[in-house]
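Sequence lines set the chain letters: A, B, ... in the order given, protein chains first and strands last, and positions in each chain run from 1. Only this structure's heavy atoms are used, side chains among them; waters, hydrogens and symmetry mates stay out.
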Number of protein chains: 2
Amino acid sequence: MTTRIEADYVLETPGSPEAAAEAIAGEQSSGTFVTLPGETPELRERSAARVEALEVTGTVPQRSLPGRSMNGGDCTRARLTLSWPMGNTGPDLPNLMATVAGNLFELGQVSGLKLCDIRLPEGFAAAYPGPKFGIPGTRELAGVADGPLIGTIVKPSIGLDAGQTAAVVQELAEAGIDFVKDDELQADGPNCPFEDRVRAVMRVINEHADKTGKKVMFAFNLTGEIDEMRRRHDLVRELGGTCVMVSLNSVGLSGFLGLSRHSELPIHAHRNGWGYLSRGPMLGWDYPAWSKFWRLAGADHMHVNGLGNKFSEPDESVMRSARSLFDPMFEDKPCVPMPVFSSGQSAVQPPETFRQLGRADCIYAAGGGIMAHPDGPGAGVRSLREAWDAAIAGVPAETYAKDHPALAAALKAYAK
Amino acid sequence: MTTRIEADYVLETPGSPEAAAEAIAGEQSSGTFVTLPGETPELRERSAARVEALEVTGTVPQRSLPGRSMNGGDCTRARLTLSWPMGNTGPDLPNLMATVAGNLFELGQVSGLKLCDIRLPEGFAAAYPGPKFGIPGTRELAGVADGPLIGTIVKPSIGLDAGQTAAVVQELAEAGIDFVKDDELQADGPNCPFEDRVRAVMRVINEHADKTGKKVMFAFNLTGEIDEMRRRHDLVRELGGTCVMVSLNSVGLSGFLGLSRHSELPIHAHRNGWGYLSRGPMLGWDYPAWSKFWRLAGADHMHVNGLGNKFSEPDESVMRSARSLFDPMFEDKPCVPMPVFSSGQSAVQPPETFRQLGRADCIYAAGGGIMAHPDGPGAGVRSLREAWDAAIAGVPAETYAKDHPALAAALKAYAK
């Protein structure tokens with residue numbers, strides 16, 4: 001286990017990679033662009049960031065990001081690892097962000113920079129909650145011992161009032177769903193106030209649980225200011241709800257920690273806005289680095305998109321993100337959340353998802369893949385469960401479909 | 001004044017701009033990628049986002065951002081304005097972010113998307129504090145009635161202990177500085193705990209004020225969790241401090257609001273991390289859109305970089321950002337913060353900065369431009385003030401320098 005904070009980057013520079021690496025290390029610790037009288041050898045020893053590794057991987061004929069001038073011809077790419085002493089920040093997530101992802105992406109020496117991964121000293125493990133529920137706690141509350149939680153999202157995303165939302169949930173509960181979530185657009189708007197929605201939806205969920213013994217897990221989007229989020233969390237818990245949802249990029253780390261330290265329910269962490277953080281191939285964040293902030297801060301469920309999704313993200317990136325969530329952050333505190341697959345999912349993708357994930361510990365969410373099933377939502381949910389059962393049993397979906405009509409109909413309807 | 005939420009984008013698409021615009025509007029309101037039974041005309045009327053304007057501006061031979069496939073040939077660029085009804089979110093900044101900057105940058109139809117500006121209905125003005133001090137409040141607390149506040153940053157950025165930091169502040173106070181800030185890397189680390197630093201620095205500042213009548217404004221970086229930030233704010237205020245600083249991208253909107261609603265001091269809003277949000281030419285955020293979230297949430301000072309900076313940002317972008325802060329957000333609540341110029345500044349840039357800004361309402365921060373002045377920090381501060389005095393008086397710096405030796409020495413030392 002590292003005793004210093006470490007961060008891995010992919011760097012591109014029009015100049016010398018060594019000089020660019022030192023410029024980043026200096027800018028992010030005790031140096032600056034001129035030599036300073038106060039920067040003594042003792043101070044540097046105590047506080048300077050170190051270049052731990054720098055490996056040139058190739059050159060590109062054109063810079064990826066514009067600079068003050070576009071001159072420069074070929075640029076060099078390299079893998080870079082920096083480290084910082086704990087004395088600079090202590091185990092402090094918000095200030096860690098300014099250290100590993102602050103004023104470095106815009107440096108003049110940099111024509112591309114992506115933060116790929118971070119590794120943190122043990123001190124961080126003690127300072128933060130991590131997921132309070134994670135995979136086992138979510139399974140217990142949802143009553144799903146094995147296989148994925150089959151999930152969906154209330155649609156239309158926004159526009160339904162509280163009663164209409166509850167009616168949709170009623171239909172989904174009767175269809176046998178395990179998990180439902182609010183859309184990230186739906187929080188506490190005048191057309192569907194949070195409290196009204198929670199009361200109406202929990203009435204449906206509690207009645208269904210009384211009748212069948214199955215309590216659907218509903219992730220209520222409580223995104224808002226700290227005091228609002230805590231109040232909303234308490235309301236959900238009082239009414240017997242089992243999950244809350246929050247938009248990470250809307251509330252930020254300190255906002256999220258204000259909720260997570262208070263929370264007694266699994267937190268469904270929504271990554272909307274992830275596109276602007278990640279879609280530049282040589283700019284911003286890779287998922288393993290970014291998700292570790294939220295994992296340690298207490299995210300129980302984390303979105304990873306899905307195979308064959310409707311967005312621009314390639315399948316390879318989706319699965320790399322999902323698998324990274326299972327990497328333990330610390331020996332005694334792995335901080336493993338449940339990955340959430342979604343976007344354009346149906347009974348078609350489970351075999352490949354399972355094969356690449358290596359396990360079934362996930363929330364597997366489909367919209368049209370459930371609601372638009374030719375035999376209705378009940379068959380939609382069944383078809384997803386059957387597709388996963390087949391994958392876990394190692395049986396080809398087409399074979400399994402022979403005596404599972406819901407799966408058979410889905411494979412026909414959703415074939416690409 | 002608009003009655004709907006409006007957002008302006010620059011869009012690039014490999015397909016039809018009309019289709020891409022409708023896809024974004026649908027994804028960010030009541031639509032999705034399949035037609036839904038619940039999406040009634042009445043619901044659409046109530047909740048759908050609208051394409052208010054779409055103007056094709058040209059084509060490019062290659063897509064800016066990768067997608068699931070790189071096919072497509074020419075891409076079209078367009079200016080796009082969308083609007084949303086207030087009924088969806090109400091006046092709610094965190095959820096506004098998910099609406100205007102959520103799951104849209106990664107849409108398959110989009111090969112480039114930048115959020116340029118937003119306009120908000122009056123309801124938002126009543127719901128949020130805006131800057132409590134802004135330009136007049138900052139001037140009053142700093143005792144600077146006219147011209148810029150001449151500022152600097154404690155250097156080395158990190159590594160000094162509390163006593164060493166106070167010694168640097170002593171030197172700067174004696175040099176006649178108006179404003180000093182912590183580095184964004186320096187918050188509450190073991191080597192320089194927040195409380196020790198505040199006590200040591202405020203002793204120096206208060207003694208200097210007692211002696212000279214001038215109280216230097218020091219922005220203490222209190223970035224942290226909500227309760228920590230509030231406690232730290234209270235300590236600064238108790239000891240007679242006049243400013244606190246926070247890293248916006250570390251704490252997030254809900255974290256920031258937890259501080260700003262509590263705060264009784266000007267909030268110096270640091271944008272470190274801005275590079276990953278903005279440096280992709282066809283991805284992410286433009287400053288006017290992004291800064292409006294923080295202006296309305298209560299930022300009193302906002303960073304805008306500087307002319308001839310050491311980063312990659314072009315001068316034109318710096319001045320566009322700075323000027324945008326003076327655009328009123330609402331008729332009765334303009335939410336105008338003080339722009340903060342910094343990075344590689346010296347007595348060289350004030351004339352052009354003033355010419356392009358059209359006013360002197362700013363914090364003008366220099367590091368080497370003060371500390372490395374050939375005649376010492378006192379002459380460094382004087383040279384900056386003289387450069388601004390000359391600019392405001394409409395006198396060429398070289399003329400003014402004839403009987404202002406500090407300026408004369410600076411122009412010689414820092415000439416590019």
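In this structure, A/N88 and A/T99 have side chains that are not in contact, with every pair of non-hydrogen atoms separated by 4.5 Å or more. Residues B/I153 and B/S342 have side chains not in contact (no heavy-atom distance under 4.5 Å, counting atoms from C-beta outward).
By the 6.0 Å and 45° rule, B/R279 does not stack over the aromatic ring of A/F105.
In this structure, the portions of A/D315 lying under 4.5 Å from any heavy atom of chain B include both its backbone and its side chain. Proximity to chain B is limited to the side chain of A/L283, based on heavy atoms less than 4.5 angstrom apart. There is no contact between B/V168 and chain A, counting heavy-atom distances below 4.5 Å. In this structure, chain B has no heavy atom under 4.5 Å from any part of A/L93. For A/M282, no part sits under 4.5 Å from any heavy atom of chain B, backbone or side chain.
Taking the six-membered ring for Trp and thresholds of 30 and 60 degrees, A/H373 and A/Y414 have ring planes inclined between 30 and 60 degrees apart. A perpendicular orientation is assigned to the rings of A/W294 and A/F256, their planes being inclined by more than 60° (bins at 30° and 60°). Classification of the A/W274-A/W290 ring pair by plane angle, with boundaries at 30° and 60°, yields tilted. Taking the six-membered ring where the residue is Trp, A/H303 and A/H270 present tilted rings, their angle falling between 30° and 60°.
Of the listed residues (B/G367, B/P281, B/G159, B/G273), the one with the most heavy-atom contacts under 4.5 Å to chain A is B/G159. Here A/N309 is the residue among A/N305, A/N309, A/L248, A/D161 with the most heavy-atom pairs under 4.5 Å with chain B. When each of B/R44, B/M86, B/M97, B/R46 is checked for heavy-atom pairs under 4.5 Å with chain A, B/R46 comes out on top. Here A/A101 is the residue among A/S247, A/P85, A/G284, A/A101 with the most heavy-atom pairs under 4.5 Å with chain B. Your options are B/T89, B/L185, B/L253, B/L160, and the one with the most heavy-atom pairs under 4.5 Å with chain A is B/L185. For the options A/G90, A/P314, A/S29, heavy-atom pairs under 4.5 Å to chain B are most numerous at A/S29. Across A/R261, A/E228, A/K114, A/E42, the residue that shares the most heavy-atom pairs under 4.5 angstrom with chain B is A/R261. Ranked by non-hydrogen atom pairs under 4.5 Å with chain B, the options A/P190, A/G108, A/A48, A/G255 are led by A/P190. Highest contact tally toward chain A, considering only B/I226, B/T223, B/N249, is held by B/T223 [criterion: heavy-atom pairs under 4.5 Å]. Of the listed residues (A/Q109, A/Q164, A/Q186, A/E313), the greatest number of heavy-atom pairs within a distance under 4.5 Å of chain B belongs to A/E313. Heavy-atom pairs under 4.5 Å with chain A were tallied for B/D92, B/L104, B/L107, B/L277; the largest tally goes to B/L107. Of the listed residues (B/G258, B/G224, B/G280, B/S250), the greatest number of heavy-atom pairs within a distance under 4.5 Å of chain A belongs to B/S250.
Once rounded to the nearest 0.5 Å, the distance linking CD of B/E184 with CG of B/N272 reads 4.5 Å. Going from atom OG of A/S64 over to atom CG of A/L113 covers 11.0 Å, rounded to the nearest 0.5 Å.
With hydrogens and angles ignored, the 3.5 Å screen pairs no side-chain donor or acceptor of A/E171 with any backbone N or O of A/V169.
Residues B/S260 and B/P129 come closest through the heavy atom pair OG-CG, 4.0 Å.
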